[in-house]
Amino acid sequence: MHPAIDRVLISRETLQKRVQELGQEISHDYRDTCPVMIGILKGSVQFLADLMKSTTVDHSIDFLCPSSYAGGTKSTGIVRLLLDLRESIEGKDVLLVEDIVDTGLTMSYLLDNLRTRRPRSLEICTLLDKSVCRKSQVPIRYRGFEIPDEFVVGYGLDYKELYRNLPYIGVMKPLKTEKNKK
Ligand code: 5GP
């Protein structure tokens, strides 16, 4: 295990199995249409890549990059779009693919923003759900795992841009601040 990780919360095998199930569910629900899966950068990259492979219906992908955490571990609630979609979503069936919904502030902002572009449908697929931390309610259609209020990394999720490559979801060891270094 990586030295920065205290414990594995969700193993590689458990992730892969659940993502397969989600892909099957999505394939069934969207069988009569050609959805666009929108990956929320950067955290959703591993999840999106695996989800695409387990989704058998034709679909396109696009990306959005919101910013709110500024490299730390707490949500600021201030959302900006650092990268916007390449294609119009007007009249399309849109599935937002997110790594984690925590306070829900980022997702609320994205839903409000995307609704103004008049998609035919707009749904959320999140790998992780920290619903105990919710400040803004968002309708989640597909959920991989419900997790407790702990800061997690791996499988796309970072701390200060690191650990996205880990194949599992792990809880980090307590951070060494000036106060608790000794
Ligand atoms: P929200 O706006 O729902 O509070 O936060 C959404 C974003 O915050 C996620 O897309 C993710 O980038 C980041 N985030 C929330 N909780 C965690 C966490 O436990 N670990 C990591 N690495 N990022 C998180």
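The first residue of the sequence shown is numbered 1, and numbering continues consecutively from there. Note that ligands are numbered from 1 as they come in the structure, with each ligand's atoms numbered from 1 the same way.
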For [X], is at least one N or O under 3.5 Å away from an N or O on ligand 1?
X    : value
V101 : no
V152 : yes
Y159 : no

Under 4.0 Å, counting heavy atoms only: does [X] come that close to any atom of ligand 1?
X    : value
M107 : no
K130 : yes
F151 : yes
G104 : yes
E150 : yes

Partners of R143 by salt bridge (Lys or Arg N to Asp or Glu O under 4.0 Å), sequence neighbours excluded?
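D129.
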With atoms numbered from 1 as shown, which atoms in ligand 1 lie under 4.0 angstrom from a non-hydrogen atom of [X]?
X    : answer
D158 : 21 (C), 22 (N)
T106 : 1 (P), 2 (O), 5 (O), 6 (C)
E98  : 10 (O)
D99  : 9 (C), 10 (O), 11 (C), 12 (O)

Kindly check if the number of other-residue, nucleotide or ligand heavy atoms within 6.0 Å of CG (D112) is above 12?
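Enclosed.
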Determine whether more than 12 heavy atoms belonging to other residues, nucleotides or ligands lie under 6.0 Å from atom CZ of R31.
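Yes - once you tally the heavy atoms of other residues, nucleotides and ligands closer than 6.0 Å, there are more than 12.
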Between [Y] and [X], does any NZ, NE, NH1 or NH2 come within less than 4.0 Å of an OD or OE carboxylate oxygen?
X    : Y   : value
R141 : D29 : yes
R117 : E87 : no
K17  : E13 : no

Where the side chain of [X] meets the backbone of [Y], is there a donor-acceptor pair that is under 3.5 Å apart?
X    : Y    : value
K92  : R120 : no
S67  : L82  : no
E146 : S131 : yes

For ligand 1, which part of V79 has a heavy atom less than 4.0 Å away: the side chain, the backbone, both, or neither?
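No part of V79 is near ligand 1 at this cut-off.
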